[in-house]
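Before anything else, here's the structure in question.
Throughout, a chain's letter reflects where its sequence line sits, starting with A, and its residues are numbered from 1. Reckoned from all heavy atoms, side chains included, excluding hydrogens, waters and symmetry mates.
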2 protein chains.
Amino acid sequence: MSAVKNGVTQTSAASHAPVIGGTRYKEVKNGILAALSAKEWKGGEAIPSEKKLSERFGVSIGTLRKAIDELVADNILVRHQGLGTFVAQHQRDRYFFRFFRVVRQDGDKTYPTVTHMSFARAKASREVAAALGIEPGARVFSFVNRLALHGETVMIDSITVAEERFAGLTEAALRERPSTLYNFYQDAFHINVVGTEERLRVVTANETDAELLDVPQGTPLLEVRRIAYSYHQEPVELRISHVNTARYEYVGPSASHEEPI
Amino acid sequence: MSAVKNGVTQTSAASHAPVIGGTRYKEVKNGILAALSAKEWKGGEAIPSEKKLSERFGVSIGTLRKAIDELVADNILVRHQGLGTFVAQHQRDRYFFRFFRVVRQDGDKTYPTVTHMSFARAKASREVAAALGIEPGARVFSFVNRLALHGETVMIDSITVAEERFAGLTEAALRERPSTLYNFYQDAFHINVVGTEERLRVVTANETDAELLDVPQGTPLLEVRRIAYSYHQEPVELRISHVNTARYEYVGPSASHEEPI
DNA sequence: AAGTGGTCTAGACCACTAC
DNA sequence: TAGTGGTCTAGACCACTTA
């Protein structure tokens with residue numbers, strides 16, 4: 001009896017997977033992403049073992065592993081042999097240089113010294129609203145950081161986030177954060193930055209730039225416009241950086257391990 | 001008898017894999033990379049079927065597939081269901097925008113119109129030699145392209161390659177190439193560009209820049225210094241681009257699918 | 001010793017492409 | 001119809017971590 005020779009009829013529905021997708025492992029991947037979005041597991045926490053997850057989603061270990069493989073490739077999960085699989089967490093010594101791409105022209109990488117300059121509530125302009133996926137006029141927080149490398153002021157970051165996603169953010173909390181900004185987003189708001197989009201162009205220093213960077217007004221600077229994304233491409237932060245590249249430079253993409261097209 | 005309960009003792013040597021690595025699938029991956037470096041299969045050609053390769057390397061299909069999975073993730077191979085697995089080939093409509101990262105500020109992507117400006121043989125400076133991994137004083141070819149987008153001149157590319165890797169390169173062949181430069185490298189020299197490193201900074205237009213880009217001398221420009229790599233991180237091209245970002249901009253990395261650090 | 005992820009196997013069925 | 005890659009299974013053994 002039982003005509004099933006091997007495994008399961010792949011075309012049958014996966015009753016345990018909460019989110020549908022073309023294939024079983026995609027369903028599992030989406031299911032895990034959904035659980036992450038629902039904050040079932042937070043930054044740095046371990047997710048259930050492969051055995052348990054394979055039972056939860058009703059798939060074999062191999063299929064479950066393929067789903068996790070992709071989430072690890074996306075830097076959303078981290079595996080530690082013998083320990084478990086964890087929600088990737090931003091740390092000073094981990095992931096930092098994937099998002100901080102300014103180095104000295106001789107190649108020397110160092111952590112920036114951040115000075116908080118200002119903090120304000122404001123209403124989103126049309127441009128800011130489009131970048132953050134919110135309504136024009138919606139409330140946002142804007143703050144400015146000055147970054148120094150090797151003791152030299154190198155760049156100014158102007159950062160904007162939506163108030164609805166960062167409810168209760170205060171200048172004091174920002175000033176007193178113990179680690180990186182993206183780590184702070186995780187710990188205080190359970191917002192996980194997993195990707196960015198950046199566009200670069202040349203601009204000239206305005207009055208504020210000139211003062212903060214200690215360069216003459218009109219000095220050419222590198223402008224980096226970044227949108228940071230959480231799961232499912234949800235935009236969570238707009239950041240405009242002005243970089244003095246007299247002795248520093250920006251490290252571009254490596255064009256391998258890069259998305260197709 | 002035969003105490004082997006399941007599969008093979010993983011620790012035993014893989015006698016068929018020509019290159020050793022920590023695990024079987026890494027050995028297979030290195031073996032395929034070695035065959036590619038030896039030009040056993042050229043750009044655009046199909047490699048043997050998974051069945052044949054698994055027999056050649058003495059591993060199961062699953063292990064063979066894991067090796068190929070990584071090579072596909074590295075954009076070195078391309079799979080086509082029902083057809084086979086192929087050596088990735090640079091084409092106008094494929095891979096082009098992974099290496100060409102300048103777009104109009106409204107986001108519009110278009111193919112550049114390339115004008116060949118000059119061609120020369122020269123000796124490698126210390127800096128060029130270091131970038132290309134050759135001896136200072138070794139012979140190199142240098143050529144300059146002017147690129148226009150939407151009918152407007154936007155950037156100047158100064159390209160240098162080692163004569164020992166591009167023996168017989170002529171200005172005529174360059175001018176008459178039918179497709180992209182990296183496709184030309186593949187077809188004419190069997191050199192496969194699979195990755196790049198880029199550093200960006202702001203410069204001001206020198207006399208040549210000003211003339212070719214039709215901007216005043218001293219205009220701030222974006223400088224992109226790229227080293228292009230073939231298999232095994234072999235540097236094969238140095239390219240210095242000067243970009244007028246008045247109406248265009250540079251698309252940075254996306255910081256997902258990116259190598260760790 | 002128990003539990004976790006890491007590697008590997010052997011084979012089934014599906015989807016697609018070419019002839 | 002034959003051949004290819006794509007998905008999935010069920011389970012073994014290895015390596016690592018914690019206790």
* Asked: What pairs with B:F100 under ring-ring contact (aromatic ring centres under 6.0 Å, His included), at least two apart in sequence or on another chain?
  ->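 By the ring-ring contact (aromatic ring centres under 6.0 Å, His included) rule, B:F100 matches B:F96.
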* Asked: What residues, two or more places apart in sequence or in another chain, satisfy side-chain hydrogen bond (donor to acceptor under 3.5 Å, both in side chains) together with A:Q186?
  ->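 A:Q186 satisfies side-chain hydrogen bond (donor to acceptor under 3.5 Å, both in side chains) with A:N192 only.
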* Roughly, in whole Å, what's the span from CD1 in A:I61 to P in C:dG3? ->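 So the two atoms are 14 Å apart, to the nearest Å.
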* **End-to-end axis angle, where each axis spans five pairs of the helix from C:dA1-D:dT18 to C:dA18-D:dT1, to 10°** =>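 The angle, to the nearest 10 degrees, is 10°.
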* Test salt bridge (Lys or Arg N to Asp or Glu O under 4.0 Å) applied to A:E164 - qualifying residues, sequence neighbours left out ->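 Per chain and number, A:E164 pairs via salt bridge (Lys or Arg N to Asp or Glu O under 4.0 Å) with no residue.
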* Asked: With A:E45, which residues qualify under salt bridge (Lys or Arg N to Asp or Glu O under 4.0 Å), at least two apart?
  ->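 A:E45 satisfies salt bridge (Lys or Arg N to Asp or Glu O under 4.0 Å) with no other residue.
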* Side-chain N or O of B:R65 less than 4.0 angstrom from OP1 or OP2 on D:dG6? ->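 B:R65 to D:dG6 OP1/OP2: side-chain N or O found under 4.0 Å.
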* Pair B:R165-B:E234, salt bridge (Lys or Arg N to Asp or Glu O under 4.0 Å): steps then yes or no -> CA-CA 11 Å; B:R165 294 200 189 90; B:E234 183 192 9; 2.9 Å; yes
* Heavy-atom donor-acceptor pair, A:H90 side chain to A:V193 backbone, under 3.5 Å ->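 Such a contact is found between A:H90 side chain and A:V193 backbone.
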* Measure the distance from NZ on A:K52 to C1' on C:dT4 and round it to the nearest whole Å. =>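 Taking atom C1' of C:dT4 as the reference, NZ of A:K52 is at 11 Å.
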* To do: To the nearest Å, give me how far apart NZ (B:K66) and C1' (C:dT9) are.
  =>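 One finds 13 Å between C1' of C:dT9 and NZ of B:K66, rounded.
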* B:L53 CG - D:dT4 P separation (whole Å) ->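 Result: 11 Å.
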* **With B:R175 via salt bridge (Lys or Arg N to Asp or Glu O under 4.0 Å) - residues at least two apart** =>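 Applying salt bridge (Lys or Arg N to Asp or Glu O under 4.0 Å) to B:R175 gives B:E171.
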* Nucleotide C:dA15, atom C1' - distance to CZ of B:R79 in whole Å ->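 These atoms are roughly 15 Å apart.
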* Within this structure, what is the CG-to-P distance between B:L77 and D:dT4, rounded to whole angstrom? ->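 The distance from CG of B:L77 to P of D:dT4 comes to 16 Å, rounded to the nearest Å.
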* Asked: Which residue pairs pass the side-chain hydrogen bond (donor to acceptor under 3.5 Å, both in side chains) test with at least one member in residues 57-67 of chain B, sequence neighbours excluded?
  ->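 Qualifying pairs, neighbours excluded: B:E50-B:R65, B:S60-B:T63.
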* Closest-nucleotide ordering on DNA chain D, the 5'-leading residue of A:L64 and B:I47 ->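 First, find each residue's nearest nucleotide; the 5'-ward one identifies B:I47.
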* To do: Could you check how far CD of B:E70 sits from P of C:dG6, rounded to whole Å?
  =>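 Result: 13 Å.
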* Asked: Among the nucleotides D:dT7, C:dT9, D:dT9, which one has an atom lying closest to any side-chain atom of A:V59?
  ->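 Output: D:dT9.
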* Asked: Roughly how far, to the nearest 0.5 Å, is CZ of A:R199 from CD of B:E249?
  ->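 Here the interatomic distance stands at 5.0 Å.
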* Asked: OP1 or OP2 of D:dC8 sitting under 4.0 Å from any side-chain N/O of A:S60?
  ->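 So the side chain of A:S60 is outside the cut-off, no N or O lying under 4.0 Å from OP1 or OP2 of D:dC8.
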* **Atom pair distance, as rounded to whole Å: CD in B:E50 and C1' in D:dT7** =>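 Atom CD in B:E50 sits about 12 Å away from atom C1' in D:dT7.
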* A:Y25 has a side chain; which of C:dT7, D:dC8, D:dG5 sits nearest to it? ->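 Comparing C:dT7, D:dC8, D:dG5 against the side chain of A:Y25, the answer is D:dC8.
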* To do: Look at A:S49 and C:dG3 and indicate whether a side-chain polar atom (N or O) is within less than 4.0 Å of OP1 or OP2.
  =>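 Result: no.
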* **Closest nucleotide among D:dC8, D:dG6, C:dC8 to the B:R24 side chain** =>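 It is C:dC8.
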* To do: Consider the side chain of B:T23, meaning its heavy atoms from C-beta on, and name the nucleotide among C:dT4, C:dG6, C:dT7 that approaches it most closely.
  =>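 Taking heavy atoms from C-beta onward, the closest nucleotide is C:dT7.
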* **B:D187: partners by salt bridge (Lys or Arg N to Asp or Glu O under 4.0 Å), with sequence neighbours left out** =>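 For B:D187 there are no salt bridge (Lys or Arg N to Asp or Glu O under 4.0 Å) partners, ignoring immediate neighbours.
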Could you go through nucleotides 16-19 of chain C and list every protein N or O atom that sits under 3.5 Å from one of its N or O atoms, giving the distance for each pair?
none

